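Since the model is a prediction, treat every value here as computed from it, not as a measurement. Quick note on labels: first sequence line is chain A, next is B, and so on, each numbered from 1. Worth knowing before you read on, the calculation uses all heavy atoms, side chains too, and leaves out hydrogens, waters and symmetry mates.
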Number of protein chains: 2
Amino acid sequence: MNKITMKDIAEKVGVSKTTVSMVVNKKDSNISEETKNKIYSVIKETGYIPNNVARGLNTKKSGSIGMIIPDISNPFFSELSRAIEDVANKLGYNVILCNSDNNPDKEKKYVELLISKLIDGIILIPGQESESNANILKLNGIPFVVMDRYIKGFEDYPGVYFDNKQGIKCGIEYLYSKGKRNIVFVSGPKKINVNQERIDGYKEIMTKYGIYNKSLIFESTFSLEGGIEVTNQIIDQCGCFDAIFYSNDIMAIGGIKTLKRREYRVPEDILIMGFDGITLSKMIEPELTTIQQPIYSMGQQASKLIIDIITEQPIKNKKVYFTPNIIVGGTA
Amino acid sequence: MNKITMKDIAEKVGVSKTTVSMVVNKKDSNISEETKNKIYSVIKETGYIPNNVARGLNTKKSGSIGMIIPDISNPFFSELSRAIEDVANKLGYNVILCNSDNNPDKEKKYVELLISKLIDGIILIPGQESESNANILKLNGIPFVVMDRYIKGFEDYPGVYFDNKQGIKCGIEYLYSKGKRNIVFVSGPKKINVNQERIDGYKEIMTKYGIYNKSLIFESTFSLEGGIEVTNQIIDQCGCFDAIFYSNDIMAIGGIKTLKRREYRVPEDILIMGFDGITLSKMIEPELTTIQQPIYSMGQQASKLIIDIITEQPIKNKKVYFTPNIIVGGTA
DNA sequence: TTGTAGGCGTTATCAT
DNA sequence: ATGATAACGCCTACAA
């Protein structure tokens with residue numbers, strides 16, 4: 001049961017491989033209708049599927065793009081992936097999924113794997129210390145788009161970002177307008193650079209309002225457990241606080257659970273603000289008040305951008321910034 | 001900036017491509033240490049990365065497995081994907097992500113795409129009418145593992161399944177034991193065969209208890225909106241009901257929101273049971289009482305199974321059934 | 001309008 | 001212990 005090749009088709013029709021190749025690749029402007037039809041019908045009856053690998057060896061293109069993300073089971077990234085894959089698929093590419101867990105070694109392994117597969121381009125959400133991996137890509141001439149987080153030394157590379165500082169300011173302004181003054185801020189792991197950016201935003205705006213207090217800044221991991229732990233910590237260590245701004249939705253949800261269990265009422269006693277606007281934020285009751293990143297649009301944009309680069313389309317903006325949007329739910 | 005090839009390495013070291021190839025592929029039992037070391041050092045200093053595509057053309061293997069799922073942004077599938085990718089990665093494979101949306105045409109397109117990339121194997125969660133697509137795979141000799149849903153005519157193929165009937169029975173028994181007798185059942189789209197299986201389970205057990213009533217069966221889509229809509233319908237059409245068993249967690253969450261908004265108390269007035277046990281079910285407050293599928297284990301198992309088949313390992317069980325497990329949260 | 005021939009980078013089969 | 005050579009299936013000049 002050997003696989004059918006172009007040669008088989010050519011022999012059956014009684015033409016050369018070249019002719020078949022041209023028809024298969026729609027470069028058939030001057031192939032007679034008759035030949036074309038014969039070829040098509042034999043392709044159909046044999047169920048011939050071209051060998052993309054052989055094609056790739058010639059063209060140095062694989063028709064695949066790689067997507068290196070921290071963790072697909074995190075809703076933020078799975079929503080993003082869906083957008084990336086949708087656009088890629090529509091434009092004739094497919095997507096190889098890589099979960100880096102923010103681990104530089106894993107990330108490196110994937111980068112090399114993708115290169116070895118003649119990947120056409122990569123969408124990279126950097127973990128930590130991604131400079132050297134970005135460098136490998138650069139040295140190998142693989143186009144890539146950076147997403148969500150910066151890579152030192154690659155600030156001029158194409159990228160899709162979210163205006164984190166502005167997002168934080170939005171959130172704080174809202175909480176301030178609600179009369180809150182002791183606003184706790186929970187950042188994600190400081191090793192990830194967007195978090196520093198968010199902390200800076202917090203510092204700036206709180207200082208502007210004259211209510212900045214360093215001891216109101218906490219750090220945790222972007223998970224439900226992270227949210228629960230840090231919230232217990234906040235309750236135990238903080239003299240007074242009247243609002244908590246979590247820098248992702250999942251943490252906020254963990255926080256709300258913890259507050260309720262420890263007999264705080266949300267939003268009556270404490271206002272809660274999340275960050276990301278994942279679908280999940282609309283599932284809890286009351287719905288989470290959060291700073292929305294347009295996740296699906298960001299994914300679409302990144303996917304479109306990398307493919308434009310691959311296909312050498314003229315690019316208007318190789319760096320795209322998305323702006324925040326507050327979703328007012330019932331928690332603040 | 002042409003990419004470095006084996007030929008380049010061979011020339012630099014002063015050996016033949018063959019020798020380099022053997023070293024790269026660890027088939028170097030009888031290559032002198034000296035040569036090996038020279039080759040390794042040149043590989044390192046040049047940053048050589050083997051071309052997997054060229055290799056694939058020879059070996060007819062790509063080192064990739066395909067994963068065809070309905071929708072990665074559905075938490076059930078993203079959790080599953082994570083497991084699949086983890087195992088695949090550990091065993092030296094990578095994963096190509098395909099969102100079928102349960103659409104047979106999309107599914108077909110992906111099947112052919114994957115074949116054209118010399119995919120080594122596929123994990124297929126069938127949408128609707130997947131017989132012909134499974135047939136294409138069969139004709140092309142592509143190994144595949146079926147997951148979650150049956151494909152008519154491929155019952156003997158390797159597969160990883162969940163005992164849906166048992167799951168439903170578990171849930172009903174629990175609700176019955178809590179004194180509930182008017183238990184509404186919300187199935188997913190009947191076109192998807194697991195749903196029929198679940199309805200059958202419901203019918204059986206309810207009949208056994210002598211409380212079966214056909215008008216308590218509703219159908220909806222596996223989404224938050226689906227859960228909301230159907231719940232409004234239930235409230236409006238059902239004379240009396242004291243529990244609702246949704247056949248996935250997301251619908252259940254939509255249902256809870258709706259019940260609350262329409263002034264029902266959960267669990268005081270109405271007990272709610274979900275199905276799946278996605279992480280999300282632990283995020284809401286109170287936590288959802290649900291029938292847990294061991295999602296991560298199922299993904300691991302499927303991944304391991306397809307790779308065992310690819311590598312022709314002896315397989316103990318080519319069909320694996322997982323059994324339900326009730327998680328008692330606060331909604332029932 | 002169609003065919004011939006060489007090459008893409010690797011692996012496999014024989015040699016040496 | 002190492003090399004020469006022919007595949008793998010397709011694409012692409014260049015020929016005819």
Side-chain angles (χ1 to χ4, degrees), chain A residues 2-40 42-43 46-63 112-113 115-120 140-141, chain B residues 1-40 42-43 46-64 112-113 115-120 140-141:
Chain A
N2 261 320
K3 224 161 255 176
I4 294 164
T5 73
M6 219 166 217
K7 194 173 155 221
D8 300 325
I9 305 293
E11 283 170 0
K12 288 212 181 197
V13 178
V15 295
S16 76
K17 290 187 294 174
T18 310
T19 308
V20 178
S21 171
M22 290 174 123
V23 171
V24 167
N25 293 297
K26 309 276 177 210
K27 298 187 174 170
D28 52 3
S29 48
N30 43 17
I31 305 276
S32 72
E33 281 303 315
E34 199 194 335
T35 315
K36 261 192 269 189
N37 289 139
K38 262 195 273 177
I39 290 175
Y40 279 128
V42 173
I43 285 180
T46 54
Y48 166 68
I49 298 177
N51 181 330
N52 230 301
V53 170
R55 172 184 291 163
L57 193 54
N58 267 286
T59 59
K60 319 269 197 177
K61 299 245 162 286
S62 62
E112 293 185 338
L113 184 83
I115 293 174
S116 80
K117 301 188 93 74
L118 304 190
I119 203 81
D120 293 345
N140 282 274
Chain B
M1 206 220 41
N2 261 319
K3 226 163 253 177
I4 296 169
T5 74
M6 221 167 218
K7 192 171 155 226
D8 300 326
I9 305 293
E11 283 170 0
K12 287 213 182 197
V13 178
V15 294
S16 75
K17 290 185 295 174
T18 309
T19 308
V20 177
S21 173
M22 292 176 120
V23 172
V24 167
N25 292 297
K26 310 274 180 214
K27 299 186 175 171
D28 50 3
S29 48
N30 45 15
I31 304 277
S32 72
E33 280 303 315
E34 200 193 334
T35 316
K36 261 193 266 189
N37 290 139
K38 263 195 272 178
I39 291 176
Y40 279 128
V42 173
I43 285 179
T46 53
Y48 166 68
I49 298 176
N51 181 331
N52 230 301
V53 170
R55 170 182 295 161
L57 191 54
N58 264 284
T59 60
K60 318 269 198 178
K61 299 247 160 284
S62 62
S64 296
E112 294 185 336
L113 185 83
I115 293 175
S116 80
K117 302 188 92 73
L118 303 190
I119 204 79
D120 294 344
N140 282 274

Can you tell me how far apart [atom1] ([X]) and [atom2] ([Y]) are? Round to the nearest 0.5 Å.
| X | Y | atom1 | atom2 | result |
| --- | --- | --- | --- | --- |
| Lys27(B) | Thr18(B) | NZ | OG1 | 12.5 Å |
| Asp28(A) | Thr19(A) | CG | OG1 | 11.0 Å |
| Leu118(A) | Leu57(A) | CG | CG | 7.5 Å |

Looking for any heavy atom pair under 4.0 Å, which part of the strands does Asn30(B) touch: base, sugar-phosphate only, or nothing?
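If one applies the 4.0 Å heavy-atom cut-off, Asn30(B) turns out to touch a base.
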At 4.0 Å (heavy atoms only), tell me whether Ser32(B) reaches a base, stays on the sugar-phosphate, or touches nothing.
sugar-phosphate
Please confirm whether the shortest side-chain N or O distance from [X] to OP1 or OP2 of [N] is below 4.0 Å.
| X | N | result |
| --- | --- | --- |
| Thr19(B) | dG3(D) | yes |
| Tyr48(B) | dT10(C) | yes |
| Ser21(A) | dT12(D) | no |
| Lys60(B) | dG9(D) | yes |
| Lys27(A) | dT12(D) | yes |
| Lys61(B) | dT11(C) | no |
| Asn52(B) | dT10(C) | no |
| Ser16(A) | dG3(C) | yes |
| Asn58(A) | dT12(D) | no |

Residue closer to the 5' end of DNA chain D, Lys36(B) versus Ala54(B) (nearest nucleotide)
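By nearest-heavy-atom nucleotide position, the 5'-most residue is Lys36(B).
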Output the rounded distance in Å from [atom1] ([X]) to [atom2] ([N]).
| X | N | atom1 | atom2 | value |
| --- | --- | --- | --- | --- |
| Lys7(B) | dG9(C) | NZ | C1' | 10 Å |
| Lys117(A) | dC8(C) | NZ | P | 22 Å |
| Asn140(A) | dG9(C) | CG | P | 14 Å |
| Asn37(B) | dA1(D) | CG | P | 14 Å |
| Leu57(B) | dA12(C) | CG | P | 12 Å |
| Arg55(B) | dA12(C) | CZ | C1' | 13 Å |
| Lys26(A) | dC11(D) | NZ | P | 13 Å |

Crowding at NZ, Lys36(B) (>12 non-hydrogen neighbours, <6.0 Å)
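Counting neighbours around NZ of Lys36(B), more than 12 heavy atoms of other residues, nucleotides or ligands fall under 6.0 Å, so yes.
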Would you say the side-chain atoms of Ser21(B) pair up with the backbone N or O of Lys17(B), donor to acceptor, closer than 3.5 Å?
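No: the side chain of Ser21(B) does not pair with the backbone of Lys17(B).
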For a quick check, tell me whether the side chain of Thr18(A) and the base of dT4(C) share a donor-acceptor pair closer than 3.5 Å.
yes
